[in-house]
Each structure stands twice: as C-alpha cells, then as structure tokens.
Amino acid sequence: MSMPVSPPSLGPDLARTIYRKAYLINRTDERFRAMLTNGELAVAYYPVRGQEVIAAAAMAALRQDDYLVTTYRGLHDALAKGIPSRLLWAEFAGKRTGTCKGKGGPMHITHPETGVMVTTGIVGSGLPIANGLAMASQIRGESRVAVASFGDGASNIGAFHEALNMASVWKLPVIFLCQNNQYAEHTALAAGTSVSRISDRAVAYGMPGIFCDGLDPASVYEAMNEAVGRARAGGGPTLLEAGAFRLLGHIFGADYSYVSRQDLHAAEERASMAKLRQWMIERQVRESDLERIEKEVDAEINDAVAFALDSEPPDPDDIRFDIYATEQAA
Amino acid sequence: MSMPVSPPSLGPDLARTIYRKAYLINRTDERFRAMLTNGELAVAYYPVRGQEVIAAAAMAALRQDDYLVTTYRGLHDALAKGIPSRLLWAEFAGKRTGTCKGKGGPMHITHPETGVMVTTGIVGSGLPIANGLAMASQIRGESRVAVASFGDGASNIGAFHEALNMASVWKLPVIFLCQNNQYAEHTALAAGTSVSRISDRAVAYGMPGIFCDGLDPASVYEAMNEAVGRARAGGGPTLLEAGAFRLLGHIFGADYSYVSRQDLHAAEERASMAKLRQWMIERQVRESDLERIEKEVDAEINDAVAFALDSEPPDPDDIRFDIYATEQAA
Amino acid sequence: MSEKTSFAQALNSALDHAMADDENVIMLGEDVADEQGGGVFKVSKGLSRKYGTSRVRSTPISEQAIIGAAVGAAITGMRPVAEIMLMNFITVAMDQLVNHAAKLRFMSGGQTSVPLVVRTTTGAGVGFGGQHSDMLEAWFAHVPGIKIATASNPADAYGLLRSAIEDEDPTILIENITHYGMTGPPAEPGYRVPLGKAAIVRRGDDITLVTYGRGVGDCLKAAGQLAEDGIDAEVIDLRTVSPWDQEAVLSSVARTRRAVIVHEAVRPFGAGAEISARIHEELFGDLAGPVRRVASYASPVPFAKSLETAFLYSVADIVQAARDTTEKKADR
Amino acid sequence: MSEKTSFAQALNSALDHAMADDENVIMLGEDVADEQGGGVFKVSKGLSRKYGTSRVRSTPISEQAIIGAAVGAAITGMRPVAEIMLMNFITVAMDQLVNHAAKLRFMSGGQTSVPLVVRTTTGAGVGFGGQHSDMLEAWFAHVPGIKIATASNPADAYGLLRSAIEDEDPTILIENITHYGMTGPPAEPGYRVPLGKAAIVRRGDDITLVTYGRGVGDCLKAAGQLAEDGIDAEVIDLRTVSPWDQEAVLSSVARTRRAVIVHEAVRPFGAGAEISARIHEELFGDLAGPVRRVASYASPVPFAKSLETAFLYSVADIVQAARDTTEKKADR
Ligand SMILES: Cc1ncc(C[n+]2csc(CCOP(=O)(O)OP(=O)(O)O)c2C)c(N)n1
Ligand SMILES: Cc1ncc(C[n+]2csc(CCOP(=O)(O)OP(=O)(O)O)c2C)c(N)n1
Ligand SMILES: [Mg+2]
Ligand SMILES: [Mg+2]
C-alpha cells in the first residue's frame, strides 16, 4: 500500500493531531494487553492493532459533537473521538469512576460529551442506531453527522442492509465506516462474504461507496472528510470502507495460527508505528513534535492506569440504579 | 411493454401450459374476490391480479419436485406450482379438507407433494428458508432447485440480505424471484427502496441479477429457465426480478385511490387476459385449444368451490394436534 | 365532551396532542404518513399533514431499522413513537429492543435515556392466523429496563400513550386488533394513566379478577354473570403489565382471598404465571383457594373460525374458574 | 469408560455420533468448521474434517439466515444442528424460531416437521456484561411448538443433545458458558435423556428444590448445607424447561409439601413463575408454605465483578429461601 503525498487539507497540524491519536491508541492497546498478560487485569478484550490509523484519521474529520456508534472492538474509535483516557481505563477495569460506572465495561463504552453514544457487542446493530442519531440531527436542522463504525463481517447481517437502505431513502447525514480487517472472528473474508470490497455494496443503496487505505492517514482523512462534508451539506450517507489487516487474534488470547507468519510479518511491517512516524516526518511534522506528543501520551496513559487501578469498584448496591429512570422495587 | 417473439424453447406446448396456469390464477382470484364481495366467504385476501403471468411462466420452468417458498400474496404461485384447486379452496375457506386442515389458512399454504413447502406471512422470511431447501438438495446431491418468491418491499428487510449473501457464498441452487409490483402495502417503490431495479442489488452478492417483463410469458420463462438451469448445474443462485403492477389494493377491500385512474387503466390494459390470449394465438396456440383450456379450468374451479363449501370445518378438538409430533398435555 | 370516541381516534388524539406539545415527539413506521394512508389502522391519520413528513415518517419494511432509528433518536433526547404494524413482526427487531433499548441506560451508567414508545397491535379472533395474532407481553415483562402496557378502553389508550411518550424509559404499548372500533368516553387532554398503576374497574368482595387489555371487557361480563350467582367480583385492569401494580393486586386479593388471572396470551409461562406466583408468595396463608389462570390454548393461533374459537379463552371459562375458586373454598 | 469427560467433549461426542449414525444430521454456525477453529468453544472440533464442510458449515454472521437455512433443511427431513454463538444473538433470529420453526408443523396441518436443534450458550459470571449473558429460556417456553432444554452435567449434555437431534420437533439447547470445562462421567453412546423428563438428582423428604442447568450444582451445594440443619432436600433437575415434567415436580412436592425454584434468569416473569403457579394450582391444600423462587436480580447483567456477583443469585440465597419455607410451616 503506497502512501501518496496528501492534498493540502492534511497539513502538519492535522497530521500531528492524527499522530497523537494513533500513538495513543497504539500505546493504550499495547499497555492493556501487557496488563492482561501479567494478570493485572482480566477482561475480554478485542485488540485494535493494525487499525489505529483508521480511527485516528477518520475521527480527525469529525467535530466533538458529531455522533459515533462503535463496537466491542472500539478502543481506537473511542480514544480517537476524544474520550478521556482516565474514564476509559477505569471503565475497562470495571471501576465506579469509569465512563459507565463499571456497569457497561469495554464492550459498552458510552460518553455523550465526546459524542460516543453507543458501543454495542451485537454485530451490525450499531448501524440502525446511527441512523437514529442522524435522523435527530436532520429533524432538528443541526449540522451534526453520525458515524457507525463496524467490521467487514458485520456487512453480512440484516441490520446493515436495513440501515443503509433507510439512510439512503431518507438522505440521512450518516457515514457507514467499515473497517475491513479481513477477518470476522476466525472466518476469512471470502469464506463468509460474497464481495471482496464491502464498499461495492453501496450500489445496492444508491449511495457513494468509497474505498480508502486504512494505513494511510491522508487516504482515510480525505475520504472521511469528503463523506462528512456531503453528509453535513444534506447530501446523504456514504459507505466508506477502510482496508486494513487484523494484526492479532480476534480476542486477546485467541489462536491466530491460521494466518501464516509470513503474511503476518508483512502486515505488521506495513502497519508499523515506525512507518507512520516516517510518514509524519515526510509531512513536515518535526521529530521534536513527535517526541513531545509521545511523552505527553505516555504520561497520560501512566496517569490513567494509576487512576483506574486506584479507583474503587462499584458498590454492590449500585445494581439497583439506572435500570429505569426512577428506581423500582426489586 | 413489448411482447417480443419468443425463442424456440417456448413452443406451443409450453405456451398452452402457461396459459392454463395464468387463466386458472386469473379466474380463481376473480371468483374468490366475488365470493368475498357477496359475503360467501370472509377472509383476509391479498389479490394477485396483474401477477398471473409471472407465476404461470416462472413455475412452468420448474419440476414438480422443485421447492417453492412463497408469501401471503401467493395464490398465483401455489396454483402455478400445481396445488390442486380443491385443496387450495378448502384451505382458503378454512375447511378440514384443505391443504393444512384449516389450521394454516391462505397465508400459510403448504403442500409438499407439489413442492410448496412454506407460505409465510412475514415479509422476507421465506428467503432464508429457501436457502435451507436448496442446501438440503445440495448436500444430498439432488438436482432439485428452490425458489423464493417475494415482493419489492421485501428486498428492504434484513432477511433478504442475509439470504442472498449466504446463497452466494455457498453457491446454493436457489432462485430469488422478486415480483416487483411497485408497491409495498401503500408505499410506492421509490418511497421505501433505494434502487429502482431490485435486480441491481445482485451486485452486492456477486450473483447474476436479471430483470424480466412480468407481463411477457417468454421473458419470464426464459429468464427463469436460465436461472433454474444454472442452479441445477451447480452454478449458484440468481436474483430474478419480474416487473409488474399491482392492479388492486394491497388487501381485498383496501383503499387504492392513491393510484390515478389513468395509470391504473393503462396497467389493466397491459395486463389484460385478452392480450395474453392474443399473444398465445400469435404463438401458434389454436383458439380451440384456448377455449378447451378455459372450459376445463372453469369446471375445475366450480368443482373446487363446491368442494370447499360442502366440506366440514375443523372439529374444535383438532386444535390439540400438530403442535408437537406427539400430543402433549395441555 | 359527551361525544364518544373510538379507540383509534383516542390514539390519534394522543399522538396529535403529544406532537403539538413537544417538538421532540416524532413518529415512524410502515405506512404511517398520510401519503401512505395514515397507518393501516388509521391511527396516525392527518398527522403527517399537520406536522410534516420529517416528524411523521413512513419507513421501508425494515423493523430493525425502525426500532434502531428510534433508539438512536431517543438517546439524543427525542421522543420517538415507532409503530410495528403487528406484534409478530417485533420478532425481527428483538435485538434492538432487548439488547439496546432496554439496556442502554444501565450499560451507560445512566448517561443515556431511551424514551421511546413502540406501538403495536395483535390479537386473535379476526382470522389472521398463526403469524399475525400472538400476544408476546410476557417476553418483554421478563426484560428489565423496558415497560409494557395495554389499554382496555379509549380514554385509557389516550392516557397510557401520553404517559408512555412522556416517560423516560422505553415502553411497548399493545393495541388489541379487535379494539380499534370500540367506543367510549373521550379523555381530556390532561388525562394521563400513570405507568405501573392498575385501575379497579369494578369493586367486589368475593373474588379478584386480574386482567388487562381485551380481558377487561370479558371479566366485566363474567362479573355480571357471577353476580347472578351472588358472587361479587372485583375486576382489576393492570394497564401496565410490567412493572405491574403489585400493591393494587395484593391488597385486593388480601381482601377477597380469591383470584383469577385472565389474559389472551397462551397460559404456559405467560404473564399470569408471575402474578399467580406473587400472590401465592405474599398471601399464602390468607388465600381461600389457589389462584386460577384463564388464558388461550397452548397452540399457535389457528386460522379456521372453529379452531380460533377453541383457541381463545371465553367468558364462560372465566366464570367457571371463578366458581371453581369459590367452591374450593367451601371444601376446606 | 471410567475416564472423565468435559462438557464440551460430551457435546462434541454427541455431534460426532449423531453425524456418524445419520447422514441427515448436519451442522451450521459461525466458525464451526475446523478451518475456523471448530467452534469458538471447540464443541465442533474435528467434525468438518471427519464429515466434510458440506455437512459442517461455517456461516457468515447472519443468524436469520442460519436459522432459516436450518428450518428449510429440516422440513425436507434433514436434522440440522445450528449454533447461535451466544444466546443474546438469538434476538436477531426470533422470527425464524417463533413464527416459523415453532409453527410450521401446526400451520401446515402436520405436513411438515421441523426437526432442528439450536445450540447456544450464555450465562453470567465471566465478565461478558449486558449483551452476552442473558438467560432467555422463559421466552421460548411461552411459545407452543418449540422445546427448550439445558443440561447440568456432561453425560446429560450428551444424552439431551442426542435426544434433541432425534426428536421430530425444534429444540433449543442452552449450554451454560461456565460449564464447558466441567468434567464428569462420560455417557455411553446409547445414552439418551428423554425430552420432557426430569431427573431427581438428590432424594429428600423435607423440601423440593426445582432447578435446571447451573442451578443443579448450586442446589446440591445448598442441599448439603441444609442437611447440616437437619433439612433433607430433594433436588430435581428439570433438564427440559418446556415442556416440563410436571408429574415429577408435583409428585415430589406432594410429598415434601415445600418447594423452592432456582434459576439464573431474572425472577420477574421467569420460568420459575410458571412452575410456582402450577404447584400452587395443583397442590394448594397440601403445601406447608408458599413456593419460593431464587433467581438473579432484575437488572441487565452488569460488567464489574462486584455488580455481577450482586446480580447472580447465590447458594446462600437458596439456603435462605429453603429455611424460610420450612420455618413458615412451623408458624402455621
Ligand atoms: C449478532 C452477532 N452475531 C455474532 C456475534 C459474535 N461475534 C463477535 S465479533 C464477531 C466477528 C465480527 O467481525 P467483523 O464485523 O469483521 O468485525 P471485527 O471483529 O473484525 O472488528 C462475531 C461473529 C455477535 N457479537 N453478534
Ligand atoms: C416483517 C414484516 N413487516 C411488515 C409486514 C406487513 N406487511 C405485509 S405485506 C407488506 C408489504 C410487502 O410488500 P412487497 O414485499 O412489495 O410484497 P407485495 O405485497 O407487494 O406482494 C407489509 C409491510 C409483514 N407481514 N412482515
Ligand atoms: Mg473484521
Ligand atoms: Mg410489492
């Protein structure tokens, strides 16, 4: 995958923003896995390694008040959209100080302040909900857009189809962001999916279907920016596919022997942070800026980890609340 | 809609077969509506007027042991597939002598002997079931194909999408026959559907998408025959769309004022039985043959109506049976 | 105000008034806008003309997308009213209701409310057969986070729908398909039926008939027949099936010492089981006899009239069960 | 034969033997073939290698299409075993199960049988949170035409799965996610657990604990503690939740005069309600105290361990309920 020189819209400022997000995602994912490995945490975790740039560049094209719906594999999306590290870490660790008071957990991160409205563990179910967010914006005459982030495998489920058709008929300001990492759990794309490019399915909905290179910040940002611009302008939805490769097993600890070492190394090489760094430098981002970002992010993560570990778990009695708006008799 | 000269495969014998089916459907539908009008029967009924030729010509391309799954608007499909009139009428009239002993009713006609395996009242749900029929045939190494008949509106529901993707990935011997009558209940095609040709959606499943003229027996027959041949030969599924126009309201008695009298008259003219008769004569079917067929069919219907009216309703105690394979305590 | 109104008109007024009062109220469903007839049962007639097709949207046949859109809009603070034409079609949208609408408040730690309403209709007796007649309230009653309710008369239909729209939680309202034409006194615009509160629709001292929806009319008829035998039945219309008004039921049964629960859904594992179990749990020592349940036969809904009649419970069944219960007491 | 086997291995053997015995037995589900790992819980490991990927099919993520394909194949006489990875995902396939699988026999007047099996897993306690842990057996128990069962030990898992595959009706089997590693004596290939038949897993005279699935182990533990107090508990493993073995339960309770029902699903409108209601209906005059229910807290399943523990009932809850019931009797 080549990394073409980007158009002027992606200047050094934006590049730095994207680098910060990508680096934050990459380090958070790694730190989290390290803590799972050494037993400091024990949580079902879906790694995002290989998809950092998609989230970092795509979310850089959004405003804070734009809406996002993502999935169990959503750490990258949540961080890129802006959820504070402390709140995210605390929720991942099941603490009362987390985004969702420990009730939701990693699969259900919600943080309306940064537009992260729903994180779902049900494949495909986020797309119809994103339509609803977009519909609210449309009815109110706001310029907010909604983004539904999902995987390649999700494009085979009914909710995907219903959502794209409805969004098209109603010209909703929504972007369907398919992060095609080539696998759905342990099933390779071709074994479950009747097309090799998910974005080709856009034809069935009369909407633009765009493919971008998920390793190239400019490719992702430009495509997303265009889709967001169209949505804000009332031009309706876009199916945007970002190509990637899942660099780890489906869930932390899962077998990944079905991908050959060779293929995996090549993919790791293509998606290495060193390469992203190099790309930044070619884009006139100064080495010293990158170092400063890295230091700041490392500190942010250290702080967030300490915060999460120090925080209290929920009180068992907390279970009584948030079931209904007003507490009910059990 | 022009009626081109058909290729040799649709010779006079086949033409007669198609005429018999189409005439039977047309007369049965009319008789049924007449009996609803005069109160001899009181049943929810979804007229098939305007779609006679689709069923007649499409089912003529099938063997008796090929499978069919159809919908509430399925009178034409059921008759064309070969269900005896007596059994169908008795079921429509809720009699014990009906195909389903009066338990299913018009929305749930089943008659495995003629391959009519399921009639569903849930929009789109027949498609995944047709896959299962086709899968059974494929696993057993039989040459049977399965047909799922459904409407244009059904192409917007999740089950449609899941079924087409799965059929494509597994190369199932199934034909998805979309009878596009331009309306889903009272919603015109464009108000609910993001494409104007349903068959264009085939691209999203890597399968052939074919449009045929649902008023032209040759157009329907040829397209169906090709799809059936492909399926039997292991070539996988086809999305076949037959264009038509619903000539009556969604359900018997429903308002249909939203279609202009002018448009309706034009559509009625295009779909008239007189025109079909003329077409037959142009295809070397003798007038006397047509008259003989009409007489035979009229007699068949009279006999079936009498049979249905004379038959007994189910005994209330019949409710205890067919819930499980062996009777359960209530 | 002395004019009678139909159930369908009452629902229409409730939607109309709610939309007039709060611009966050929107509607979506198949054929609900006027160009598509204003709903197949005309419940939304005139509303798209009045409030526009941005707020009253006819949808594709896509129940997952309908409920999903309602969920998404609701968490931004809108108050969507989604119509699922017939209750059996809710089976294709269970994920959005159960995994999302019911749980987002809890899973988000209280950050997002889901103030949506799903209106749907169903009911046996009109010859729609196995896939168009099921009563599925027990499923939703078993899902914490969602509410389910059903009215027995036009005024309550108005009051329940308005309460549900104003409620902060997701609520499913079941309309009985045989009720649309029923007429009764209209409700004042201020009328609300609080969710979770039952109504005692007939006072009596000898037995409590607990029911909702279509069962209310039937229980009142049964109560009339029982009165001829000198049995004075109290009839409770739960109105909300979950969370249900345990206090109203328990305090009534504590007095009458006998209860029959009546619903149209099939008996096994139906809503009546919970009510029966609770009554026994709480009033064991006080009961004069076991709580009885009257419900439909445990089969799919049959098509033929003779079978459909055999499927549905009858007023005679209620009377019989009530007599059994009161006789049982005599035995002890 | 004296070797122990795990729950997962027992299921694997049942599938293996069923496929060897009858070529109409096929499997489909996400990742079930060996190229995709033989199932995420390895239950189908080795089967696609042995029987081919025509009979053991990994599917797209399309639960409606999975169940629909199983329904279609079943009505031609095949015996499909469909895997729905986690029970919450069944919410996207309810239509195929409820409107089709459960009803096609009846609606066709007995012409088409639907001998399919759906295997699925679920359960709280492993930190999967709100959308991956629900127990939904009560929904299916409320649907005439479908059966639902769950095993409490490896041998029964073998026997139930083989019976379900051989059964002419659609059956859902729930596997508890905490059970896969549990070991126990293996079953002989001829072993069958008849659907609809409970097992008395502990004999006792003072109280009957009625349960199934995970509850069985917990009730046995509770029975041990109760024995220390001199309370001799009978423990019944229903195995099939619907249709359930009323005779076994009623005859036990007729003898013990006390009962506690235990299940992991939340209490309101759960399966325990029906069992409680039936016991009271049939044994009203014989009971020494009200039937109690022990179940999980009525909330979505929470993520954090402290809350998940608060959600799940505990063995102590069972012991407490049993004591309450027996004390209640002393009071009267
Ligand atoms: C409806 C549903 N079916 C199955 C699952 C189990 N499941 C979780 S993740 C996953 C694979 C999803 O693949 P994809 O959409 O490509 O996303 P990725 O995990 O690669 O990001 C599956 C099948 C689920 N969560 N929901
Ligand atoms: C899942 C579901 N949603 C809604 C309905 C109500 N309904 C019955 S027929 C129909 C319209 C179907 O239109 P189309 O697929 O074009 O078929 P046609 O009736 O035109 O033959 C609708 C919405 C249904 N039966 N099932
Ligand atoms: Mg993927
Ligand atoms: Mg149509």
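In what follows, chains carry the letters A, B, and so on, assigned in the order in which the sequence lines appear, proteins first and then strands, with residues in each chain numbered from 1. Note: hydrogens, waters and symmetry copies are ignored here, and every other heavy atom, side chains too, is used.
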*Asks:* What residue in C:S299, C:G37, C:G129, C:G127 has the most heavy-atom pairs under 4.5 Å with chain B?
*Replies:*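 The answer is C:S299.
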*Asks:* Test side chain to side chain contact (heavy atoms under 4.5 Å, CB included) on B:V43 and C:F128; report intermediate values, then the result.
*Replies:* CA-CA 8 Å; B:V43 177; C:F128 271 2; over 6 Å; no
*Asks:* Heavy-atom pairs under 4.5 Å with chain C - which of B:P106, B:A159, B:S194, B:S257 has more of them than the others?
*Replies:*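 Between B:P106, B:A159, B:S194, B:S257, the count favours B:P106.
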*Asks:* Check B:A184 against C:D31 and note the closest heavy-atom contact, atom names and distance.
*Replies:*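 Result for this residue pair: O-OD1, 4.0 Å.
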*Asks:* What are the two closest non-hydrogen atoms of B:E91 and C:F303, and how far apart are they?
*Replies:*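 Where B:E91 meets C:F303 most closely, the heavy atoms are O-CE2, 3.5 Å.
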*Asks:* Of the non-hydrogen atoms in C:S306 and B:P313, which two are nearest, and what is the gap between them?
*Replies:*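 In this case the closest contact between C:S306 and B:P313 is OG-CB, 4.1 Å.
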*Asks:* Taking side chain as everything from C-beta outward and backbone as N, CA, C, O, which of these in B:S155 sits under 4.5 Å from a heavy atom of chain C? Side chain, backbone, both or neither.
*Replies:*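 The answer is neither part of B:S155.
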*Asks:* Tell me, out of B:P314, B:A44, B:G192, who's got the most heavy-atom pairs with chain C below 4.5 Å.
*Replies:*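 Ranked by heavy-atom pairs under 4.5 Å with chain C, first place is B:P314.
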*Asks:* Could you check whether any side-chain N or O of C:Q131 sits under 3.5 Å from a backbone N or O of B:G121, counting only pairs where one atom can act as donor and the other as acceptor?
*Replies:*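 Looks like yes, one N/O pair under 3.5 Å.
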*Asks:* Return the NE2 to NE2 distance between C:H132 and B:H108, rounded to the nearest 0.5 Å.
*Replies:*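 Interatomic distance, C:H132 NE2 to B:H108 NE2, rounded to 0.5 Å: 7.0 Å.
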*Asks:* So which heavy atom on B:P316 is nearest to which on C:A310, and how close?
*Replies:*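 Nearest pair, atom of B:P316 first, then C:A310: O-CB, 3.8 Å.
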*Asks:* Can you tell me if C:S62 uses its side chain to pair, donor with acceptor, with the backbone of B:N156 under 3.5 Å?
*Replies:*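 Checked: pair present.
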*Asks:* What part of C:F311 is in contact with chain B, defined as an atom under 4.5 angstrom from a non-hydrogen atom: side chain, backbone, both or neither?
*Replies:*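 For C:F311, heavy atoms of backbone and side chain both lie under 4.5 Å from chain B.
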*Asks:* At a 4.5 Å cut-off on heavy atoms, which part of B:D315 comes close to chain C: side chain, backbone, both, or neither?
*Replies:*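 For B:D315, the contact with chain C is made by the backbone alone.
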*Asks:* Determine whether B:I157 and C:E63 satisfy the following criterion, side chain to side chain contact (heavy atoms under 4.5 Å, CB included), listing intermediate values before the conclusion.
*Replies:* CA-CA 8 Å; B:I157 202 159; C:E63 280 81 3; 3.4 Å; yes
*Asks:* With rounding to the nearest 0.5 angstrom, report the CG to CD1 distance, B:D152 to C:I61.
*Replies:*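 The CG atom of B:D152 sits 7.5 Å away from the CD1 atom of C:I61.
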*Asks:* Using heavy-atom distances under 4.5 Å, tell me whether C:V40 contacts chain B through its side chain, its backbone, both, or neither.
*Replies:*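 Side chain only.
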*Asks:* Report which part of B:F321 has an atom under 4.5 Å of a heavy atom belonging to chain C: side chain, backbone, both, or neither.
*Replies:*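 The answer is neither part of B:F321.
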*Asks:* Considering only heavy atoms from C-beta outward, does the side chain of C:P60 approach that of B:T193 to under 4.5 Å?
*Replies:*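 Contact flag for C:P60/B:T193 side chains = no.
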*Asks:* Work out which heavy atom in B:K101 is nearest to a heavy atom in C:L307; give both atom names and the distance.
*Replies:*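 Looking at all heavy atoms of both residues, the closest pair is O-CD1, 4.5 Å.
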*Asks:* Inspect the surroundings of CD in B:E312 and state if more than 12 heavy atoms from other residues, nucleotides or ligands are less than 6.0 Å away.
*Replies:*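 Result for CD/B:E312: open.
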*Asks:* Give a yes or no on this: more than 12 heavy atoms of other residues, nucleotides or ligands lie within 6.0 Å of atom CD of C:E35.
*Replies:*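 Check fails, neighbour count at 12 or below.
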*Asks:* Do B:E185 and C:Q36 have side chains that get closer than 4.5 Å, going by heavy atoms?
*Replies:*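 Not touching, per the 4.5 Å side-chain cut-off.
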